[in-house]
Structure formats: C-alpha cells, structure tokens
Participant: 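The structure that follows is given in the form of structure tokens.
Reminder, nothing fancy here: chain letters follow the sequence lines and each chain counts from 1.
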Amino acid sequence: MLKVFNTATLKKEEFKPIVPGKITMYVCGPTVYNYIHVGNARSSIAFDTIRRYLLYRGYDVNFVSNFTDVDDKIINRAQEEGVSENAIASKYIKAFYEDTKPLNIIPATTRTRATEVIPDIIEFVSDLIDKGYAYESQGGVYFRVRKAGNYGLLAHENLEDLEVGASGRLDDGALALKEDPLDFALWKNEPRQVIKWDSPWGQGRPGWHIECSVMSTKYLGYTIDIHGGGIDLAFPHHTDEMAQSEAHTGKQFVHYWLHNGFVNVNNEKMSKSLGNFTTVHELLSSYDDPMAIRFLMTATHYRRPINYSSSELERARVELDRIRTAYRRLKNADFKIGDDPQIDQLVSKQTAAFVEAMDDDFNVANALAAIFELVRLANSYVDSGDVKDKSAQEILRQIAELIGVFGISGLETKKESLPKKIELLLKKRETARINKNWQQSDQLRDEIFSLGYKVSDSSNGQQVRKI
RNA sequence: GGUGGUAUAGCCAAGCGGUAAGGCGAUGGUCUGCAAAACCGUUAUCACGGGUUCGAUUCCCGUUACCACCUCCA
C-alpha cells in the first residue's frame, strides 16, 4: 500500500488515485529567465523519481508541467538585453531540455508555456469575476482571499497572521488597488510597451499563479491526484492556486500535495536571489558524470534538504560506482548454464524490500539499502566462481530495474573513447603483463595515471577510467 | 513574532516503545606479482533536561541549536 506525505494534512496518507490505475500529476515548472540551477534540478529529479516509481508500480501517469514565460524577471531581462520576452523564454526553454536530458528526466506528458493559454486564462479570470471571487481594479483583477474557504491551509497559517505580513510589505500604491491586503493579482494591468494581451479589462498580462490553475484544470481535470513543487511554493503560489481553482470549479483541486526540500549550500538555501547557485548548465560542462548528479539528488529523500558541495557529489559518485562495478563484474563473469533457486529467492526478497520502502512515502534510503544488498549478492556470487546464467541475469535485471526507478541508467556502458596515446600505452602494458614484466607494467600504469586515466587489473583484463 | 521542519557514529543517512539498516571513510584480515575491485570482521547508546512505561533513540512537556516559509524563489 502506497503512502504519501500530504503537505495539506502534514500526515502520511494512503494513496488512492481518482481513477484506479491512472494518476494525474502536475508539477510547477521553472520561470525561464535563466538557466536552471542545481536546486531546480533537484525538484525535477525528485518528482521524476516519484513518477518513475508510480510507473514501476504499474500506474499510467499523466504528468503535466509548465514554463512560466511571462513575468517581471523575463521582462526585465528582455529589456536589459534589448530583445523580446519570447527570445529570452525560448532560449532558456531550449536550455532546460538540454540540461535535464543528461539527468535522465522524462519529459512531461504535456508541457505548455503560460503564453500559450492566454485565452483560457482570460476565461478563467472572467468566471471568477462572475462568481464574485474576483474584482477589477484599474485594469487589474484581484482575487478576494477572504471569500475563499480554508485559505492558508497549505501554509498552516491563519488569515490574521498572513495579513500582518501582507500589509507590512505592500506599498500604498498596491494597497490602493486592493480591497484587502491579502488579495492577490489574477491579471495585471500593463501600460508599458512590453509583452501584453488585450483583455476585457484592458491590456495586461496574467498574474503568477493563474497559469498553473488553468493548465492543471485544462489538461488534467478539475481534481487531480498529485500536485508537486518546492516547499517554498506552498505559500503563496500553491495556496493561491488552490483558492482560485476551487473557487472556479467548486471542486477540490488536489488530493495530495507533495513538496520537495531544498538544496542547501553551507546550510543555506540555494536560490537565485541569494546568488549562491550553480547552474546545471555549468555543472554539466565541468563534471563528466551526470548520473552521479542524479544519484546525489535522488538518493536523498525528497523532503530532506541536500547540502550540496563538490565533496558530496564525489561521495555520490563513489557510491554509484560501487553499484556500477558490481553490475559490470557480474555481467562479465563466466556463466554456467543453470539456476540457483536460493539466489533467486534472495533477489526477490530484496525486490520486495525495495517496494516496501518506496511505498512508504518514497523512502529511498531503505530502497537503496535493498539495492546494496543486491550488489553484495552479485559480488559474492561472482567470488563463488560458480555463476549460473539464469540467476545472474535475474540479479542484473533487478539491479538495473530498481536503480532505473531512481533514474540511473547506463550501468554497464560508461565506455569512453580513449585517446590514441592511452590506447597505445595500454597495449604495451598488456604485453608487459603477459611477459610478467611487472616493473614495466607498473611504470606504464604510472604514466597512464599521469595522463589522467586510472588503470586497474581484473580477471577480465585492464580496466580504465578517466579521473 | 507566527508557522513548518531538522538534531542518530569522522561524513551521508534509515529506524521511531524492547538495548541502533545501508553507503562513504578509517582500520584488521583473505584474495592478488603490486595496486584496484571484491569478500569477512571492527568502528554509535541516538542535542540537553524532565515525565509516562517493566522498558524510550522511538510517546509527552520543556530547553537549546540550525534551516525554511510568512516578498520573487524548486
């Protein structure tokens, strides 16, 4: 039985999809005014792993996400660079796909830009006005927060506390536009010569939260199973989404709210505003093992913070290497025809442990422990010198499938093209080894090492990897 | 100030009423020409103070520290 932690109730709840066997899932996507950073990637990876596990459990998952391609930051960026907002957005949308592909993130079933649903947004907002949940004020449209039931539920705050914060931060101009400091914008009046659309309230552009409500209801229906995002989105973004969506449809918006924890740097949140971020773009260009990045992000429980540093990344790589090494060893072992029932039994025991762990709100730590048990089993099996093909294939298949749920692929490949010079030195060393010329063999190993490659010997000959 | 979260070995991190999974590191051993890999072993009383209980890391109360949200942020 799958249980998930719901931010709305702060409890683990049994997961029951609206339609048996099918899951509707919406995850808030990035505002595309810059490259995504490691923290953004963590969120994508966390929900990708959740999605993969649901797929592994046999569910059909309809996964929708968005690109926010109209907002203040994009407009500012466009003005700074003297190009259109669309040029900025398109550039970083392209970069998003380039950056997430090496991290093995499955593209969303549907991924739409905010600017592609403007008519739907206008219709949605008009309906809120008709229903009395919103009002126009000088070309802008605002949502009446006090009219919504259980507003603040996700943030676990009451209206009075929220109001203290709201009235304190708003300037007089903004306050004058609103009936109540708590109200938020559904549609913004836009007098400047920047990206904007005609609307019943004059020229303007959508507020921040409306696009997600529109896309979620448009592509997935009035009520969806899972809505995800970073925990910082719980308030105000998801709170506002929930209020406007439920006001519009009269139905519960989301059954399970899932939020991921942050990536920290020196125990502080990595964020664009703090400036302490590393973009995935630059990380990928300076680090040659994207699967290790994925492993670091995915092997930590999604709600826990990750303290990001190069040493943490290195540790993740070493851990992942243990799995890869075992996988390759077993794959390259000498098989005998046959089957070892006791091995098969141990494999299914660990598979069951994996499922049990993941069913408990995606407990990846315990799930990973099951994978490491399989790794030890694989290694011991090879050491026994009596490997039966059927059992070996079963171990390999399970390791690949389970680590695949974490989005780690290519366990056996990791083959890189070697420079000619290295190839030559390896050949020379092989000859030396056949002649048991250990001195020359060691010398060549040192030489290869000094050129940036580490060579080690196994029963299958020399193994090389780039340092 | 309000709200939510976290505090477990050198590090990462499970467990959450019956004397602590897993990984990294360290260390001893086996194997190997050496090294690597692998395998076997060693490596913690769970922030602090009370309370409940036959028994608490696990429940309750309090304290302390750190993080986050309350403004854009995954």
Participant: Taking any heavy-atom pair under 4.0 Å as a contact, classify A:Val27: base, sugar-phosphate, or nothing.
Facilitator: nothing
Participant: When we call it a touch if two heavy atoms are under 4.0 Å apart, what does A:Gly229 touch: a base, just sugar-phosphate, or nothing?
Facilitator: sugar-phosphate
Participant: Any idea which of B:rA37, B:rU3, B:rA74 is nearest the A:Arg329 side chain?
Facilitator: B:rA37
Participant: Does B:rG15 have OP1 or OP2 under 4.0 Å away from a side-chain N or O of A:Asn363?
Facilitator: yes
Participant: Provide the distance between the two C1' atoms, one in B:rU43 and one in B:rA21, to the nearest whole Å.
Facilitator: 16 Å
Participant: Distance check, C1' atoms only: B:rA13 and B:rG22, in whole angstrom units.
Facilitator: 8 Å
Participant: Does B:rC59 have a Watson-Crick or wobble mate here (both distances under 3.5 Å), and if so which one?
Facilitator: B:rG51
Participant: Tell me, for nucleotides 19-28 of chain B in 5' to 3' order, what letter each nucleotide earns: B for a base near a protein heavy atom under 4.0 Å, S for only sugar-phosphate near one, - for neither?
Facilitator: --BSBS----
Participant: Please report, rounded to the nearest Å, how far the P atom of B:rA14 is from the CG atom of A:Asp361.
Facilitator: 11 Å
Participant: Can you check the distance between B:rG1 and B:rA14, where both ends of the measurement are the C1' atom (answer in whole Å)?
Facilitator: 35 Å
Participant: Using a 4.0 Å heavy-atom cut-off across all strands, classify A:Asn40 as base, sugar-phosphate, or nothing.
Facilitator: base
Participant: Take A:His156 and A:Leu162, find for each the nucleotide of RNA chain B with the closest heavy atom, and name the residue whose nucleotide sits nearer the 5' end.
Facilitator: A:His156
Participant: Go through B:rG15, B:rA74, B:rC39 for me and flag the one nearest to the A:Ser380 side chain.
Facilitator: B:rC39
Participant: Any side-chain N or O of A:Lys454 less than 4.0 Å from the OP1 or OP2 oxygen of B:rA35?
Facilitator: no
Participant: Aromatic rings A:Phe96 and A:Phe67: how do their planes relate, parallel, tilted or perpendicular, breaks at 30° and 60°?
Facilitator: perpendicular
Participant: Of the candidate nucleotides B:rC69, B:rA13, B:rG33, which contains the atom at the shortest distance from the side chain of A:Arg304?
Facilitator: B:rA13
Participant: Looking only at the side chain of A:His37 (C-beta and beyond, no hydrogens), which of the listed nucleotides B:rC72, B:rA74, B:rU6 gets closest?
Facilitator: B:rA74
Participant: May I ask you to decide whether A:Asp180 forms a salt bridge with A:Arg144, counting only side-chain N to carboxylate O separations under 4.0 Å?
Facilitator: no
Participant: Closest nucleotide of RNA chain B for A:Gly29 versus for A:Lys12: which of these residues is on the 5' side?
Facilitator: A:Lys12
Participant: B:rG51 and B:rG2: how far apart are their C1' atoms, nearest whole angstrom?
Facilitator: 28 Å
Participant: By the 4.0 Å heavy-atom rule, please label A:Lys269 as base, sugar-phosphate, or nothing.
Facilitator: base
Participant: Looking across every strand, which nucleic acid part, if any, lies under 4.0 Å from A:Lys436 by heavy atom: base, sugar-phosphate, or nothing?
Facilitator: nothing
Participant: Roughly how far, to the nearest 0.5 Å, is the CZ atom of A:Phe235 from the CG atom of A:Leu154?
Facilitator: 10.5 Å
Participant: Taking any heavy-atom pair under 4.0 Å as a contact, classify A:Gly228: base, sugar-phosphate, or nothing.
Facilitator: nothing
Participant: Have a look at A:Ser44 and say if it touches a base, only the backbone sugar-phosphate, or nothing, with a 4.0 Å heavy-atom cut-off.
Facilitator: nothing
Participant: Mark yes or no for a side-chain to base donor-acceptor pair under 3.5 Å between A:Asn158 and B:rG2, with no hydrogen or angle criteria applied.
Facilitator: no
Participant: B:rG1 pairs with which nucleotide, Watson-Crick or G-U wobble, both distances below 3.5 Å?
Facilitator: B:rC70
Participant: Among the nucleotides B:rC11, B:rC67, B:rC34, which one has an atom lying closest to any side-chain atom of A:Arg433?
Facilitator: B:rC34
Participant: Considering only side-chain heavy atoms of A:Glu157, which listed nucleotide, B:rG2, B:rG15, B:rC34, is closest?
Facilitator: B:rG2
